[in-house]
Undergrad: 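Before I ask anything, here is the structure I am working with.
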Amino acid sequence: MTTDGLPQDLVSAHATIPAERAAHQEEASLRLEIARLKRARFGSSAERSVRLEQLELALEDLAEMATIKSGLDFSG
């Protein structure tokens with residue numbers, strides 16, 4: 001890995017693609033569900049508000065893990 005977190009060789013780059021794609025899909029899914037819950041929040045039960053907070057925390061954790069992961073050196 002280079003200092004910018006990108007793999008130096010093609011094999012390493014290809015190995016990171018599925019994980020990156022899954023992380024982006026999970027993030028997009030969480031963002032969509034958060035947006036849906038925010039729209040439904042007014043007049044909703046307290047359980048939905050709790051679920052919304054849990055999803056926002058999960059999204060923050062995912063973003064933090066992606067930041068940490070991008071700084072790791074997988075070149076061995």
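Predicted model only: the values in this text are computed from it and were never measured.
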Undergrad: Could you grab the distance from atom CG of L37 to atom CG of L55, nearest 0.5 Å is fine?
TA: 6.0 Å
Undergrad: For L32, check side-chain contact (heavy atoms from CB on, under 4.5 Å) against everything at least two apart and list the hits.
TA: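 With sequence neighbours excluded, L32 shows a side-chain contact (heavy atoms from CB on, under 4.5 Å) to no residue whatsoever.
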Undergrad: To the closest 0.5 Å, what do you measure between CZ (R31) and CD (E27)?
TA: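 So the CZ of R31 and the CD of E27 are separated by 4.5 Å.
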Undergrad: How far does CD1 of I34 sit from OG of S29, to the nearest 0.5 angstrom?
TA: 9.5 Å
Undergrad: Pick out which of T16, L10, V11 makes a side chain to side chain contact (heavy atoms under 4.5 Å, CB included) with H14.
TA: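 Only one of T16, L10, V11 forms a side chain to side chain contact (heavy atoms under 4.5 Å, CB included) with H14, namely L10.
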